[in-house]
Visitor: 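Please see the structure below; I have some questions.
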Amino acid sequence: MPETSEIRRQKDSQSNPQGEEIRIGVYTCHCGGNISDVVRCEKVAKVLSEMPNVVVSRTHMAMCSDAGQAMVEEDIRERGVNRVVIGACAPSLHEQTFRRTVARAGLNPYLYYHVCLREQDSWVSGGDCEGATEKAIRLMAAGIAKARHLKALDPIRLDAKQRALVIGGGVAGLRSAWDIARRGIQVTLIEKSPFLGGRMAQLETTFPAGETARELLHDLIERVLAHPNVTVHTRAELVGVRGYVGDFHVQIRRQSRGVSDDFAQAQAEAAIAACPVEVPDEFNYGLTTRKAIYRAYPGCTPATPAIDWENCTLCGKCLQVNGQGIDLENKPETFEINVGAVVVATGFRPYEPRQGEYGYGEFPEVVTLPQLIRLLALAGESEGLEWNGHPVRNIAMIHCVGSRQIEGIHEPQPDGQVNDYCSRVCCTATLHLANELRGRFPNVNVFDVYQDIRTYGRGHEDYYTQASANMVRFLRFHAEEPPEVVPAPDGDSCPVLVKIKDYLTWGEEIEVPVDLVVLAVGIMPRPIDDLIKMLKISPGTDRFLLEVHPKLRPVETAVPGIVLAGTAQGPMNIQESCAAASAAAAKVAVLLGQGLVELEPFVARVDPERCRGSGQCVEVCCYEDAISLQTFSVNGREVQRAVVTPANCTGCGACVSACPNRAIDVQGWTLEQYEAMVDAIAADLPASEVGV
Amino acid sequence: MNGKEEAKKRTQLLKRLREEHKDTVARTQALLKEQNAIRKQICQVMRDAPKTVPEVAEATGLPASQVLWHVTAMKKYNLVVETGMCGEYYLYRRVEETKI
Amino acid sequence: MASDKLRVDALVVGGGIAGMQSALDLADQGYQVALVEKEASIGGKMIALSKVFPTLDCCSCITTPKMSAVAHHRNIHLLTYCEVQSIRENGGGFVAQVLKKPRYVNEDLCTGCRQCEYACPIDLPDPFDRGYGAHRAIRVPFSTAVPQIAVLDIENCLLCGKCEQVCPVSAVDFTQTPQQLEIEAGSIVLATGYEVTPRDAKKEYGGGKLPNVIDALFMERLLAPTGPYGHVLRPGDGKEPESIAYVQCAGSRDQTLGVPYCSRVCCMYAIKQAMLISGALPLADVTIYYMDIRTFGKGYEQFYQNAKAMGIEFVKGKVARITEDENQNPIVRVELIDEGSRVVERTHDLVVLSVGMLPRYNPQPLYGVPVADDGFVEVPSPNISPCVTDRPGIFVTGTAAGPMDIVDSIMTAGAAASEAAAYLRARKSASSVSTTTGKERELVYA
Ligand SMILES: Cc1cc2nc3c(=O)[nH]c(=O)nc-3n(C[C@H](O)[C@H](O)[C@H](O)COP(=O)(O)OP(=O)(O)OC[C@H]3O[C@@H](n4cnc5c(N)ncnc54)[C@H](O)[C@@H]3O)c2cc1C
Ligand SMILES: Cc1cc2nc3c(=O)[nH]c(=O)nc-3n(C[C@H](O)[C@H](O)[C@H](O)COP(=O)(O)OP(=O)(O)OC[C@H]3O[C@@H](n4cnc5c(N)ncnc54)[C@H](O)[C@@H]3O)c2cc1C
Ligand code: SF4
């Protein structure tokens with residue numbers, strides 16, 4: 001049982017030597033006009049220069065530039081500045097930059113305070129120069145007031161577990177796992193379904209190089225499985241998370257496969273054949289059926305079939321083939337592993353058109369692009385293309401179904417969502433397929449109904465050029481006037497008509513009779529609400545997972561240690577998914593590779609002198625294991641005192657307001673600092689300082 | 001080495017370099033001569049009042065794009081300043097102590 | 001001052017955003033990195049841009065801190081104004097001979113005060129401002145350059161010695177000569193970037209002779225706070241334009257120029273510039289002549305819809321020709337596709353060509369890395385390994401591997417760093433028979 005005196009000693013070691021003169025350097029950034037076009041920066045600097053403790057007050061075109069930073073460093077080194085306040089862009093952009101600057105000059109990085117003069121002032125002041133300038137002075141004055149009370153702090157340093165968790169066994173998850181493993185870090189990959197590969201396994205040849213999807217995947221899966229640093233669990237899902245970057249405790253629930261790995265190939269086939277259950281096969285997007293004991297596709301990994309627990313009737317027919325290898329009881333097990341970082345690679349799902357959207361679900365002749373891919377694969381080497389028992393001679397492919405939706409024009413989805421983004425892969429995928437159709441079935445006419453052809457990537461434009469050369473007929477519609485799919489009048493040669501106002505021909509109303517309509521459906525994130533909640537990450541308005549900043553921190557989420565890979569973040573093709581996955585792996589290596597992670601020290605801190613052990617703080621705290629009462633002995637008497645576990649504390653401050661004894665403060669954001677800031681904001685400005 | 005000697009050495013070095021780079025120096029000198037002549041004209045036009053680029057072009061007979069280039073250069077190095085607008089054009093004034 | 005022999009884990013060639021990010025991602029993992037940039041400052045094309053889509057962050061806000069981080073990183077050796085002259089293999093690693101070009105300024109002494117620049121009498125077209133602005137024969141490359149060190153262009157120097165006289169720290173040094181430097185590196189990351197279609201490439205568009213037809217990179221400079229005029233003015237006569245037109249695909253998707261591919265960024269940058277112009281010149285009309293609007297990235301389509309809502313005019317049409325009237329106002333002859341290919345002529349004050357991306361550098365002869373038909377570095381397995389070149393140990397990132405925007409360049413930069421790290425590690429463990437456990441990371445930093 002530690003003595004309180006020990007706790008006190010800890011506290012003292014962090015506070016500043018008393019009596020040091022406070023010398024504040026204040027800098028007002030022009031932000032290349034972003035601030036200075038509205039705020040009179042020179043005037044702000046002049047007013048601030050006269051405030052107590054301010055020893056230098058300067059402006060600069062761009063404080064974040066090397067020259068701006070050098071200026072601060074020089075003031076620290078040469079002019080004894082020991083507190084720094086910079087008024088610039090939002091702290092999310094450059095607070096870290098300037099902390100590093102200050103640290104480089106030998107000052108504790110937390111003796112720096114960042115004031116936002118752009119997002120919170122110049123950009124929102126509607127050009128009111130006087131108002132914005134006064135506001136800038138007040139905000140900066142508050143910053144200076146806080147700076148007087150700043151104390152040196154040390155980041156929280158934690159050991160980083162040399163293991164990462166990858167969620168999702170699609171191409172992005174696999175690629176990420178492989179890169180992390182190659183970097184010498186252990187990886188556990190969990191895949192929800194019984195088979196690896198994700199959506200890419202459902203593709204045949206791929207753009208942009210014509211490579212065969214499953215061959216590429218197979219190769220990658222082999223490499224992943226062969227790597228000694230990788231552990232893969234299929235049928236596994238995340239069910240709980242505790243901890244923080246460097247030290248997450250994740251609970252994984254794994255369902256049984258139902259079939260043991262030593263089940264021989266021939267027997268597997270027999271067992272599958274014996275199963276009487278037939279359910280729509282999701283691998284073929286419902287075009288075919290599969291059994292309740294099944295393989296996703298021939299050659300899938302793992303090769304061992306799995307039992308589909310939802311649809312298995314436990315009839316035992318498969319057992320009759322070989323009872324030894326099959327166990328018809330699902331025995332899910334839950335286990336915990338300890339990881340330093342988590343990669344979320346949960347992928348996408350194709351947009352499912354509404355009943356009746358372009359005739360989907362109404363006419364059997366309307367299918368989606370992913371279905372067409374499966375359809376063509378199933379057609380095999382056959383000479384002609386058939387659908388629904390009829391030969392197909394005319395096909396219309398409609399772009400942007402479930403993408404680029406516009407409020408007021410497109411009907412929202414049941415949950416009110418409008419997919420206002422472009423899905424990025426469908427244009428090239430559609431043209432790739434159009435070319436394949438024309439190549440394999442020269443008698444089939446292909447009509448491509450589009451808004452803009454977005455074959456943007458390297459090698460993609462060739463598919464467009466080739467489609468034109470292949471006599472694919474292009475028809476262009478405006479978003480406001482989408483095409484319609486209607487039944488053909490009786491006696492017509494084709495079952496349905498696509499009606500379109502075609503802007504390539506004077507906006508003429510054209511009716512195209514077709515045998516098959518293919519909807520180029522967009523990409524949507526998989527429903528992973530549970531995962532989002534558990535990991536405390538956030539989706540954007542498009543519902544894809546949100547990165548911190550697309551340029552500064554493109555694969556990181558707002559939760560330290562949780563990174564994104566692949567289409568869970570937004571529409572991407574395979575190449576982009578793999579690049580993102582490797583970038584995510586690099587981030588994991590940066591985080592864990594050094595064996596240590598650093599967290600911000602802005603956490604609650606208990607003053608043991610003042611704490612009376614009321615426990616109210618523990619009650620209000622919403623975070624697990626962040627604060628607890630512990631027993632200490634003081635002069636031989638046992639007392640309860642609150643103790644914070646810094647790594648679990650988010651610094652939300654709930655405990656601060658609950659404490660009846662003012663015994664808790666959030667470091668770096670103390671009540672004393674707040675009070676000083678409020679006083680400074682509300683203080684009268686000398687008459688000379690307001691107005692012109 | 002004393003200052004005088006050093007200065008002498010420097011002068012010699014420059015002389016040697018000028019010899020080595022004879023062609024570029026000649027080309028650059030011609031360029032400078034032309035530049036100075038144009039600048040003189042521009043300053044002349046701006047002597048009494050601020051002028052727009054087309055006004056200077058008109059007065060000097062130089063192409064407006066060339067005038068703009070020179071004014072831009074002079075502005076960058078604080079030889080002229082901008083002083084408001086006249087219609088769709090900015091006005092430029094020469095800085096008092098500008099000598100060409 | 002760098003010694004004449006350097007041993008690092010990775011050599012990154014090119015200091016644009018992609019190269020910088022790759023270097024940072026490697027250095028943050030503990031690897032030693034040499035970053036070789038041929039210009040006098042790092043930053044690449046990005047540092048010259050105004051604001052960047054889709055977030056409309058001011059570009060220097062994103063770029064300068066990265067430049068500064070590169071310059072100050074203890075694991076990065078920054079070598080600007082240097083060029084790799086030869087590469088040879090040495091036991092699985094590479095040895096690069098690097099030429100350090102003379103700046104004629106002592107790097108250790110120069111403080112970037114720019115007094116030399118003010119003293120120099122000769123003004124030259126400044127490539128940073130696409131030639132429309134001026135710089136002196138000696139200058140700090142641009143205001144946010146890293147390093148902030150002057151460089152003297154001896155090819156356009158009068159050798160008058162004025163700079164030498166005014167330099168307060170006697171940094172000007174005419175005795176400098178090219179220096180040789182040897183870098184031994186375990187792997188190489190190529191990040192040599194892109195160039196834009198030359199302004200005179202298309203005769204139909206005036207062949208670069210019409211003064212009020214500019215390229216989009218110059219518009220970036222006009223919109224940047226540090227731009228040459230300080231305003232959006234047309235370069236023909238300094239007029240504030242009231243009607244501005246964008247011609248999309250000016251140099252891309254164009255068989256006649258041998259550039260059949262899409263340059264991927266032009267739609268977005270044109271829309272971005274149109275929005276910024278609307279802010280800078282609220283009364284100006286902006287028209288974008290396009291074939292397809294390709295706003296495919298995250299948040300890009302919404303960006304496009306916002307621009308439409310702001311009143312920017314999008315006209316689907318192929319611009320056949322650009323001429324000018326007697327006041328040098330460009331006349332755009334366009335086939336209006338949405339109106340049955342009716343041909344009209346429209347006069348604007350300023351026309352901006354949305355120029356495409358071309359490869360900046362061909363690494364084939366020096367690095368033995370093949371380029372594809374489009375001239376960009378070939379990536380044999382584009383789907384799964386987008387940063388792996390044909391030569392083991394050499395990786396590629398950013399626009400050296402084809403047109404892409406900054407977001408994608410940064411993504412591939414991380415990916416290339418990942419590849420290089422894995423490669424280095426495999427090499428190390430091959431040479432020091434060891435098991436692959438998490439504990440052996442110390443090995444890597446040797
Ligand atoms: C019609 C169509 C055609 C296409 N054609 C091409 C092409 O030719 N070329 C090309 O480059 N790209 C193409 N694409 C894009 C390509 O399919 C994707 O880029 C790629 O599959 C994305 O991989 P991913 O790993 O991000 O996602 P996914 O493939 O969706 O993988 C995600 C994985 O995570 C698992 N998972 C989900 N949630 C959880 C959870 N909670 N716990 C555990 N596991 C979970 C899933 O089961 C899945 O296995 C096409 C896309 C479509 C729709
Ligand atoms: C007009 C315009 C506007 C744009 N606006 C945006 C925007 O708003 N948002 C966005 O995301 N993207 C935008 N882009 C795209 C953006 O510029 C590029 O994506 C990005 O700059 C690419 O960076 P990079 O590092 O690959 O190449 P670069 O910036 O070209 O960098 C390459 C670097 O390598 C150096 N180098 C070349 N060869 C060698 C060699 N042999 N040895 C040593 N060094 C070498 C070069 O000097 C250069 O510094 C725009 C592009 C244009 C043309
Ligand atoms: S990629 Fe093409 S089809 Fe898909 S949403 Fe974008 S524009 Fe529409």
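Lettering of chains follows the sequences in order, A, B, ..., and the numbering in each one begins at 1. Note: hydrogens, waters and symmetry copies are ignored here, and every other heavy atom, side chains too, is used.
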Visitor: Please determine, among H70(B), R27(B), K15(B), Q66(B), the option with the most heavy-atom pairs under 4.5 Å with chain C.
Guide: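 Top option by heavy-atom pairs under 4.5 Å: R27(B).
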
Visitor: Under 4.5 Å heavy-atom distance to chain C, tell me which part of V25(B) shows up: side chain, backbone, both or neither.
Guide: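 For V25(B), heavy atoms of backbone and side chain both lie under 4.5 Å from chain C.
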
Visitor: Measuring from C157(C):SG to R18(B):CZ, what's the distance to the nearest 0.5 Å?
Guide: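 With rounding to 0.5 Å, SG (C157(C)) is 9.0 Å from CZ (R18(B)).
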
Visitor: Between the main-chain N or O of G131(C) and the side-chain N or O of W69(B), is there a donor-acceptor pair closer than 3.5 Å?
Guide: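 Checked: pair present.
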
Visitor: Drop me the distance from K22(B)'s NZ to L159(C)'s CG, to the nearest 0.5 angstrom.
Guide: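 Going from the NZ atom of K22(B) to the CG atom of L159(C) covers 13.5 Å.
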
Visitor: Is there side-chain contact between K239(C) and V53(B), with at least one heavy-atom pair below 4.5 Å?
Guide: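 They are not in side-chain contact.
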
Visitor: Looking at side-chain heavy atoms only, is the closest gap between L158(C) and L32(B) below 4.5 Å?
Guide: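 They are in side-chain contact.
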
Visitor: For chain C, which of V71(B), L68(B), T24(B) has the most heavy-atom pairs under 4.5 Å?
Guide: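 Most heavy-atom pairs under 4.5 Å with chain C: L68(B).
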
Visitor: How about E345(C): does its CD atom have over 12 heavy atoms from other parts shown lying under 6.0 Å from it?
Guide: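 Enclosed.
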
Visitor: Taking everything shown except K162(C) itself, do over 12 heavy atoms lie less than 6.0 Å from its NZ?
Guide: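 Not buried by this count: 12 neighbours or fewer within 6.0 Å.
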
Visitor: Which one of G87(B), P63(B), A64(B) has the most heavy-atom pairs closer than 4.5 Å to chain C?
Guide: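 Looking at each option in turn, the highest pair count goes to A64(B).
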
Visitor: Among P211(C), P228(C), G230(C), which residue has the highest count of heavy-atom pairs closer than 4.5 Å to chain B?
Guide: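 Going by pairs under 4.5 Å, I would pick P228(C).
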
Visitor: Do M74(B) and D123(C) have side chains that approach each other closer than 4.5 Å (heavy atoms only, starting at C-beta)?
Guide: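 No - every pair of side-chain heavy atoms lies 4.5 Å or more apart.
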
Visitor: Is any side-chain heavy atom of L233(C) closer than 4.5 Å to one of Y90(B)?
Guide: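 A side-chain contact exists here, since the closest heavy-atom pair is under 4.5 Å.
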
Visitor: Rounded to the nearest 0.5 Å, what separates atom CG in L281(C) from atom CD in E88(B)?
Guide: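 That separation rounds to 11.0 Å.
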
Visitor: What part of P241(C) is in contact with chain B, defined as an atom under 4.5 angstrom from a non-hydrogen atom: side chain, backbone, both or neither?
Guide: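 For P241(C), no heavy atom lies under 4.5 Å from chain B.
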
Visitor: Does any backbone or side-chain atom of D129(C) lie under 4.5 Å from a heavy atom of chain B? Answer side chain, backbone, both or neither.
Guide: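 Neither part.
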
Visitor: So which part of R136(C) gets closer than 4.5 Å to some heavy atom of chain B, the side chain, the backbone, both or neither?
Guide: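 Its backbone and side chain both get close to chain B.
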
Visitor: Using the ring of each side chain (for Trp, its six-membered ring), is Y118(C) parallel, tilted or perpendicular to Y77(B), with breaks at 30° and 60°?
Guide: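 Ring orientation, 0 to 90° scale: perpendicular.
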
Visitor: Rounded to the nearest 0.5 Å, what's the gap from CZ on F174(C) to CZ on R16(B)? Could you check?
Guide: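 Reported to 0.5 Å precision, the distance equals 12.0 Å.
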
Visitor: Under the criterion side chain to side chain contact (heavy atoms under 4.5 Å, CB included), I'd like the reasoning laid out for Y132(C) against T72(B): C-alpha separation, chi angles, the key distance, then a yes or no.
Guide: CA-CA 8 Å; Y132(C) 292 95; T72(B) 304; over 6 Å; no

Visitor: Give, as side chain, backbone, both or neither, the part of E242(C) having an atom under 4.5 angstrom from any heavy atom of chain B.
Guide: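 Side chain only.
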
Visitor: With a 4.5 angstrom heavy-atom cut-off, could you sort out which part of K76(B) is near chain C: side chain, backbone, both or neither?
Guide: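 Both parts, backbone and side chain.
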
Visitor: For D173(C), is there an ion pair with R10(B) - N to carboxylate O distance below 4.0 angstrom?
Guide: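 Salt bridge between R10(B) and D173(C), a charged N being under 4.0 Å from a carboxylate O: no.
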
Visitor: Report yes if the side chains of L31(B) and I122(C) come closer than 4.5 Å at any heavy-atom pair, otherwise no.
Guide: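 A side-chain contact exists here, since the closest heavy-atom pair is under 4.5 Å.
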
Visitor: Is chain B contacted by the side chain of H231(C), its backbone, both, or neither, given a heavy-atom distance below 4.5 Å?
Guide: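 Interface part for H231(C): side chain.
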
